[in-house]
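Given the structure is predicted, the values throughout are model-derived calculations rather than measurements. Read the numbers this way: they start at 1 and go in the same order the structure lists the ligands and their atoms.
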Amino acid sequence: MARITVNELKARKGGMPIVSLTAYTTPQAKFLDPHCDFLLVGDSLAMVVYGLETTRGVTLDIMCAHGRAVTRGAKRALVVVDLPHGSYESSPELAVASAHRVIDETQAQAVKLEGGEEMAEQIAAITAAGVPVLGHIGLLPQKAEHRGAFKIQGRDDAGARQVMADAKVIAEAGVFAMVIEGTVEPVARDITEQIDVPTIGIGASPACDGQILVTQDMVGLFADFTPKFVKQYADLGSALEKAAKEYARDVRSRQFPGLEHCFGVEKK
Ligand code: KIV
């Protein structure tokens with residue numbers, strides 16, 4: 001099965017919407033792979049897997065471990081791995097070294113980093129070094145020191161102009177597509193109309209060239225906080241709770257369905 005390429009995704013600008021979800025483990029990647037154009041190993045795993053307050057607490061080591069787990073499970077979808085907070089902002093050299101490490105260790109096809117104008121040099125350096133970059137503008141979770149600091153972007157004219165300027169600069173710097181997170185709808189729509197790389201919305205606009213969600217949010221596996229824009233397609237959290245309850249009941253009542261298959265159990 002041929003893997004979707006960066007160029008194929010770029011060519012989807014204005015065409016068939018791009019489908020993306022986050023993935024963090026091999027089994028999860030296997031389930032999602034047939035239905036997604038790209039899988040993002042997002043640093044949202046800090047919150048939805050590791051229970052941290054923001055995305056800031058994850059390291060490059062952690063992202064590489066999860067990135068490798070996901071590429072083991074994804075055969076068709078392109079895999080993008082987030083560069084975590086602290087691994088790219090201070091210089092283009094650090095950004096290139098981190099991007100190379102992620103690609104070498106995970107065998108993913110691209111990296112993502114957060115930021116607009118202020119990250120243009122990093123984006124240009126990573127793409128010049130041969131690693132495709134997915135941009136991320138609008139609400140930037142890595143900038144938030146606590147969950148209450150996640151704020152919709154582009155509400156006033158100056159804010160809207162800034163998000164548009166960020167989009168233009170990172171497109172020029174070479175991103176193959178950009179995530180637009182948490183902006184007012186007309187801003188994401190205008191960017192999608194004016195920029196010639198695909199836009200991937202999350203809480204941004206249905207007009208974007210594609211959409212991404214945090215998988216744990218859309219299947220009910222992260223109960224701490226679910227953004228209003230997320231449609232819940234399944235309630236796996238409740239299913240897990242129910243299974244654990246039934247298992248506990250069986251064990252406590254010494255019912256062991258399944259254990260009759262154990263090696264050495266006498267057949268009746
Ligand atoms: O880390 C993540 O999951 C992300 C998505 C929200 C786009 O960056």
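Of the possible polar contacts, none joining the Gln232 side chain to the Val230 backbone as a donor-acceptor pair under 3.5 Å is found. Proximity of a side-chain donor or acceptor of Arg76 to a complementary backbone N or O of Arg3 within less than 3.5 Å is not detected. For Glu118 (side chain) and Gly116 (main-chain N/O), a donor-acceptor pair under 3.5 Å exists by modelled atom type.
For the 3.5 Å distance criterion, the side chains of Gln142 and Thr55 fail to qualify, holding no donor opposite an acceptor.
Considering Arg12, Lys13, Lys10 as possible partners of Asp209, the one that fulfils the side chain to side chain donor-acceptor pair (under 3.5 Å) test is Lys13.
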Pick out the protein N or O atoms lying less than 3.5 Å from any N or O of ligand 1, and list each pair with its distance.
from: ligand 1; atom 1: 1 (O); to: Asp43; atom 2: N; distance (Å): 3.1
from: ligand 1; atom 1: 1 (O); to: Asp43; atom 2: OD1; distance (Å): 3.0
from: ligand 1; atom 1: 1 (O); to: Ser44; atom 2: N; distance (Å): 3.0
from: ligand 1; atom 1: 1 (O); to: Ser44; atom 2: OG; distance (Å): 3.3
from: ligand 1; atom 1: 1 (O); to: Asp82; atom 2: OD2; distance (Å): 3.1
from: ligand 1; atom 1: 3 (O); to: Ser44; atom 2: OG; distance (Å): 2.5
from: ligand 1; atom 1: 8 (O); to: Lys112; atom 2: NZ; distance (Å): 2.9

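Tyr50 has its ring centre less than 6.0 Å from the ring centre of His66.
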